[in-house]
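Every chain is numbered from 1, with letters handed out A, B, ... down the list of sequences.
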Amino acid sequence: MLGEGILKGLAETAKNFAGSFVSAERMITVQYPEERIAPMEAARVFPFLVYDSKHPEDSLDWEAGMRCVACQICEKECPPKCIYIEKSKDKKPDFVGKMQIYPARFDIDISVCMSCQICVEVCPFEAIKMDTQFELATDDRFGALLLDRKELAKSNEYYHHIHPTEAAEVDARLAAEKAKANAKVKAAADAAVAKAATQPAVPAAKPAEGNKQE
Amino acid sequence: MSPLAGYLLVAALIFAIGLAGALTRRNAILVLIGIELMLNAANLNLIAFWRYGPHPEALTGMMFAIFSIAVAAAEAAVGLGLVISIHRHAKTTDLDEMNRMKG
Amino acid sequence: MASSPYFSLAVLFVAALGFGLAPLGLARLWGRLLSPAKPNAIKNDIYECGLESRGDAWVQFRSAYYLYAIIFLIFDVEAVFLLPFAVAFSGLGAAACGAMLIFVLLLVEGLAWAWAKGVLTWA
Amino acid sequence: MKTVEEIKTAIEAAVPGVGLTIIPNPGPSGQHSLLLAPEHAASVAKFLRDDAEFTLDFLSNVSGVDWPDKEIAEKVKVTRQVTKTVDGEEQSVEETVEEVRKHVQPGFLEVVYHLYSVAKKHGPVTLRMRTINRSDQVELPSLTPIWRSAEFQEREIFDLYGVVFVGHPDLRRLLMWDGFKDHPMRRDYVEPDDYEYEPTPHDSVLLKAKAHQAAVAGRESAQ
Amino acid sequence: MIQTLDQIFVLLKHWLLNFLPAAWQPAVGVVLSVVCIIGVFPALFAFTTVLERKGIGRIQNRLGPNRVGPFGILQPIADGIKSLTKEDIVPLKADAAVHFLAPIVLVVAVFMGFAVLPMGRNMVLVDMDAGLLFYFAMGASTEVSVFMAGWSSRNKYSLLGAMRAVAQMISYEVALLLSSVVVVMMSGSLSLVKIVAAQNQYSWGLPHWYIFTPWGFAGALMFGIAATAETNRSPFDLPEGESELVAGYFTEYSGFKFALFFLGEYVAMFSIAGLGATLFLGGWSAPLAALQFIPSWMWFFGKLMVAMCVFIWMRGTLPRLRQDQLMNFAWKFVLPMCLLNLFVAGLWRFMGDGLLRWVICSAILILAYVGMGWGEMKRKHLGPRTYRYAE
Amino acid sequence: MTPSTIDPERLEGWNRPPIIEPDGEGDLLEVAMGPHHPSTHGVFRMDLALDGERVIRLKPVFGYLHRNHEKIAETVSYLATMPYTDRLDYICSLTNNWAYALAVEKLVGQEVPERAEYLRVILGELTRAQNHASSIGFLLQEMGASGTPLMYAFREREKILDLFESLTGSRMMCNYMRFGGCRVDASPVWLDAVRKVVAGLPAFVDEFERFLSGSEIVMARCQGVGILKPELAINAGVTGPMLRASGVNYDIRKVDHYGIYDRFKFRVPLGDHGDIYDRYMVRILEIRESIGILEQALKGIPGGPVMDPKAKIRNFRPKPGEAYGRIEAPKGELGFYLISDGGPNPYRYRVRPPSLINLTVLEDMCLGSNVADVVLIFGSVDIVLGEVDR
Amino acid sequence: MAVDENLKIELGKQGVFVTTVEELYNWGRRSSIWPMQFGLACCAIEMIATTMARYDLARFGAEVFRPSPRQADMMIISGTVTKKMAPQVVRLYNQMAEPKYVIAMGACAISGGPFKQGYNVLKGIDRYIPVDVHIPGCPPRPEALLQAFMTLQKKIDAQPLTGEGRPRHLDAEAQGEFPVPVEGEHDLEPASNKGVWTVPVVIR
Amino acid sequence: MGIAFYLVSVLTVAGGLAAVLLKNTVHCALAVTTAFAGLALLFLQLDAQFAGFAQILVYIGAVAILVVFAILLTRGSETPKGGVFSKTWLAGLAVAAAIFAVLGWAVLQVAGSLPQQNAAPAVTVNQIGEALMGRYVLPLEIIALLLTAALIGAVIVAMHEKEGD
């Protein structure tokens, strides 16, 4: 009770005070709008839909290149039920060239989304990924926080930009699948040619699912 | 009118107010406040007489006033202590009620 | 009159009063002109951690506060006597200082009594 | 740590007339439990806590479970007298026939206690108690006097399931406000209609919104 | 040149007064001085709030306000504008008149204290014979305002906070008075000007500040503790102890009334720091004879700011005490030490010059300090502990 | 010291809070502390009756953050409950994940690869370190230390959160563990980053101790305040650092040896007084032990998969049965009780929240003490409202 | 409103003056936003992290967390508002002095978020009090809170002192009281407050 | 007899009157504090600087606090049911008025013969101290005794004896 503990404490804060002028360890403030903490590769905020762009310079082909096939697994698995999907009536070719239905409507309510990434985990088509954009403050609750498929669509290049390692793995996987599918198609075509009979191909979803086991 | 008379009149007025308070209020604390006012009026008289008296350098009146302040403070402490003590037992500071309880 | 110390004090008093009142007046004026106050029963209720306020705050306190106030009063009065003594201290003889010592010791005795009695222990 | 059977034997030896049933757990965890008769629960609990062998001094977890009334369709082999002509003679023969019988198994509320021992560092021992039904006979003895840690957990079960713990020192709602009337963790709890509009045009959302609008319209016409 | 700089404000005032008729000069002179006091300290208050926020920020490894104006220097002005235009809420149940008066009484009482503080050579508003007594009399009035604020709000936290604050302030007021008495004993005057003059001497280039004597050092220590408690600063900031009492006695105050409390508190800090500097640190006198060329007012304000920095530093470091500990500390440690210090000061005078009195006086004080500290620690079983482990 | 030494005849009522009579002077002041109060860690409320400054009655009021976690978990799948567990004790999401994963693994009898176990230990101990640091910071905040200890604690916490983010993608809501392993593997770069942070932790704890442990004010406020007797602590189900500060040697890491804790050498610090200071010091010492575990785990982490290849992500339907799994979370014993009826959602999902049960003894600790101590005692329990009210 | 008319004419004459006052006023109140010390759930931890050294909300002069609503300017609804808590939140908002701002931080505060299916969770605090800025995220990063804070500052900057578009607190006609819901037998009553919350048209 | 005298007198008397007349006891206490301040100012006008400041220090700083504490301790801030004035208030008022009349009459009677001396005596604190240590040393010690007695007495009276102690 003689005050030496208090003096020690004062010395400690004095050390920190002085240190804050000279050492980066002791002055850790990152002045946000001007300086930013380097974004983490693994960071996740809200989901977005990946599309493969044939023309990376313009973003016109977002609808054509969208990987989503409206299988509605994510909608079902989403814990807070913030995804809404409507299937299309018609079909369009997917990345392997197979004709698939696509989402006529794909809404994510980011005012409900809990950024849990389960949709990404369960998606067999590598179609939904997590964005790192977090600057979304708005005074418009209903207009700005319900994202439709156009707002959600981001190119594969953008995906590469924010998650380079993961995107490369995904691309490799997709390429392998595509090769497999092509081979299969080719084999089927050969077989078809050989058998001269028409038979529907194996659904492309199955092999994709097999690969997504982690 | 001499200044002294003015002070004396003020002192008399305060004394009367204090007395009226002490006699008319029911709350014992306010009675004590009245008494304090009366003591203060007396102090004012002391100082006024000292100031306009024949020997201000002798400090008599002023010393008396200072002692009086000390005595009044002691009185206030004990008086208010008594009020608190009574309140603890009688649960009231109302003098009328205290009288009734006594009678 | 201006040379009297009390004149300076009076001026300081008025200025300090003005310093307190002027911004409050300005704030009132602002409210009158542009930002009307909208008092209502919920807003002007007593704050109580977000709950509706229950019971009155003006309750009976405990005598611990009063005991401290008594001791404070006594020592305040003591200081009134100590200060003139201290001023005159350098010119005083040992006898006078002894008298003051007795004065202080008497009060210290009161303090010691209160201490022993447990009055100084806050409950 | 002893097996459930051994514990059962030990309790039966110590507390005479106790009604104990072993509820087996089919899952891989193998945590079998003991079903207590409510009237002996306190003495069994006290025994388990104070017995030098068990010293189950630490009540870790108390959970309520709601088992609503269940309609059970079961195949029953029924034996009945059938008159048959056997060997040209009418005889009354017993015949076993399979029949599907439906009956409603009355639901009950269950409280599960998980016990451990701090002194002996073993556990868990699982105890269960069941109410008679889910509506009016929902009293169970409180184990709070034996294990203090049941205090808030039993209050919570009272709040969310509606089990009334007899002997609990302070049985009030824990999580919901005092004026609340329902027991929301029961499986037949109906949520209040506080639905007005949600931006997600989800199917179920739209259904709810429609129902809400209908309800509002109904209320307005009623006024 | 040095003298001109030293007296620059005095000269400026006289130069300004020369434009006026002689009859007006004294009155206007007073008004000018008062305006300076009323202007300088709120400005200093504004500056100190930024200093505090930035200083504590630095202690906590961050920057603190730096975006409002260059280096955040305009932050207090923005705060001022905001407070001025904020709605003023008076609870319906509150005592509106007393609620209104409380901050005004506080501001007036704290500003009055500056009347007797010498802020430089010849820079004092009033040099009264009973200056120190006047200062304490004014300091005593702040307690009334705190009580008024807490009581009139009719809020439990406010009233509890006010009662705590008043109990705390009266307890430490005694210590404040008694720790200053030693200075009066040595300087032989209650006039703060004379007290500074008594310290403004040098032997071997070193000043005769009272802090450099055993009784002066002990007095300064006790004065510092009491001053911290009087101004409700950490670690004695219980009245506004937000962890228990939300915001203490000004919980129900909003807008500029709250700002006035805030200001009053800081101005009281300046005032008490100024008094401390005057009593123990030689007021406006330079710390070394060689440094006397620096103007006296600079020394005064320099010492003031150093004291403020210590206040800020402590706030950034220390947790707060509990009410009973605080009261016990006042009555069972600070007050006995102050009384002992009176005795030591008497001894100091009667022992005459020489090394012996240094040794004896220091020994008495140190022994008492260590003894009381150890005794308290033993009695309450406080102290560092060792811990056992289970494998 | 085992409770069996207590005379059973004497037991009736011994575990109830004492009844304190006001001394008849002055009114009782009924004060509500919370739900909006600067030091109730959110929206907790205590209804106090004060006799002067002495607390003679304290009734905690819960439910201001009752988010129906258990009800929601019964309506969503086993996997979808995982992110909700993050939000239970939102300061230590990873240990919540772990406890839930452990309970489900018990329910279905799932194995966990070795590397995943190591990762779980590393993340769990990092979580413990940051939780204890910030809990001490909050405690000191309640003591009125104007945020400095909290700032220092958060300075370290940010470093650990960066590790979490770079591995799991989120600072707080990690959602990392899965039934049968972990979601993603850690890269060597990440492990190096952990090594760096762990190497810096002792210096931080030393600084904290120099700053606070010896401070007279901290000692005066903490020592001898809020004493919890070991018998009552056990009987009231108090767990975690609070229990150990009362001198009871009970650490589930040592008792259950869940995961791979039997491979690491560490000690369990115990307090002798059971007061606030002991709780504070036990937390500090536990950070030091955690550093030791982390160093061992980082040295011994093997290669291999982080997910049991037999584990299922979609269409996860455990067989009927039930399981109770528990771990030593930073705040105490965190248990999950699951009943499966064979469906995709748990039939009954119950969290055993250490924060709520540790609060059982709040009244016993606070009665008779000063009102200013209430916030300190409350802070020393170290609760998170998300877990108390669920 | 005779005063208002006169005022308008008077102010029209002194257009420049009004502009200056407006700028000064907006600058003052946007540079000195003191938040209320008020945390609800998970987001509160991120809010605390925002005030901590790494992100340092103090740089904007907003670290003065006032525990009393009387002295606070901004309420950060940081976390899930349960039905049990909602009356308290609304009452606290009412007890703040004008001008006052509300930031709904995180999914729970905006819409109930992941917990919106719960029986005790309010589906968005804007049913009872007006919200100035919404930040999605669960929880939003500290930077997101800083960005929301700057959004609020921009919003304040755009508010005129008089005339159309002036903020609520400068309008004598505007609502000043926000009724506090009552805890009923099954739910809060009313489930939302008319005047604060208007039901938007369902999109489909 | 400058304007200051009248101002201060009015303040003092108004404070005194308010203290006696107001309903709320705390208001009375605050009013009496004003009256004390006015009296202190009157002391200052009478060149009794030390006494004036001592008056502020003791009365405003300490006695006023003591009074408000006493009020809060006895729940005095509630307005009593039966009115604030005693049943015999008329008699009391009459007595007070009579006394004022007598005193006022006496003062006015002798007003002409009262001394007019105006030379301000230069009293320093030093002189007071010397007087205190010289002529008044006995009263000083008696005051010390009195204060100690008052301290002990008041504490005993006000202290709440705990049962069983």
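- For a residue to count as touching a neighbouring chain, one of its non-hydrogen atoms must lie under 4.5 Å from one of that chain's; by this rule C:Leu111 touches chain H with the backbone only.
- Ring geometry for H:Phe69 against C:Tyr65 counts as perpendicular: the plane angle is over 60°, on a 0 to 90° scale with 30° as the lower cut.
- With a threshold of 4.5 angstrom between heavy atoms, H:Ile128 approaches chain C through its backbone and through its side chain.
- With a 4.5 angstrom heavy-atom cutoff, H:Gln49 touches chain C via backbone and side-chain atoms both.
- Ring centroid separation for the pair C:Phe89 and C:Phe85 comes in under the 6.0 Å cut-off.
- Both the backbone and the side chain of H:Val125 have a heavy atom closer than 4.5 Å to some heavy atom of chain C.
- Applying side chain to side chain contact (heavy atoms under 4.5 Å, CB included) to H:Phe5 and the options H:Leu42, H:Leu46, H:Leu41, H:Val10 leaves one that passes, H:Leu42.
- For C:Ala114, no part sits under 4.5 Å from any heavy atom of chain H, backbone or side chain.
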### Task
List the steps and the verdict of side-chain contact (heavy atoms from CB on, under 4.5 Å) for H:Val67 and H:Val32.
CA-CA 10 Å; H:Val67 170; H:Val32 86; 5.6 Å; no
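- For C:Tyr66, the parts lying near chain H are the backbone and the side chain together; criterion is any non-hydrogen pair under 4.5 Å.
- Residue H:Leu39 is tested with H:Leu44, H:Thr34, H:Thr12 for a side chain to side chain contact (heavy atoms under 4.5 Å, CB included); the sole match is H:Thr12.
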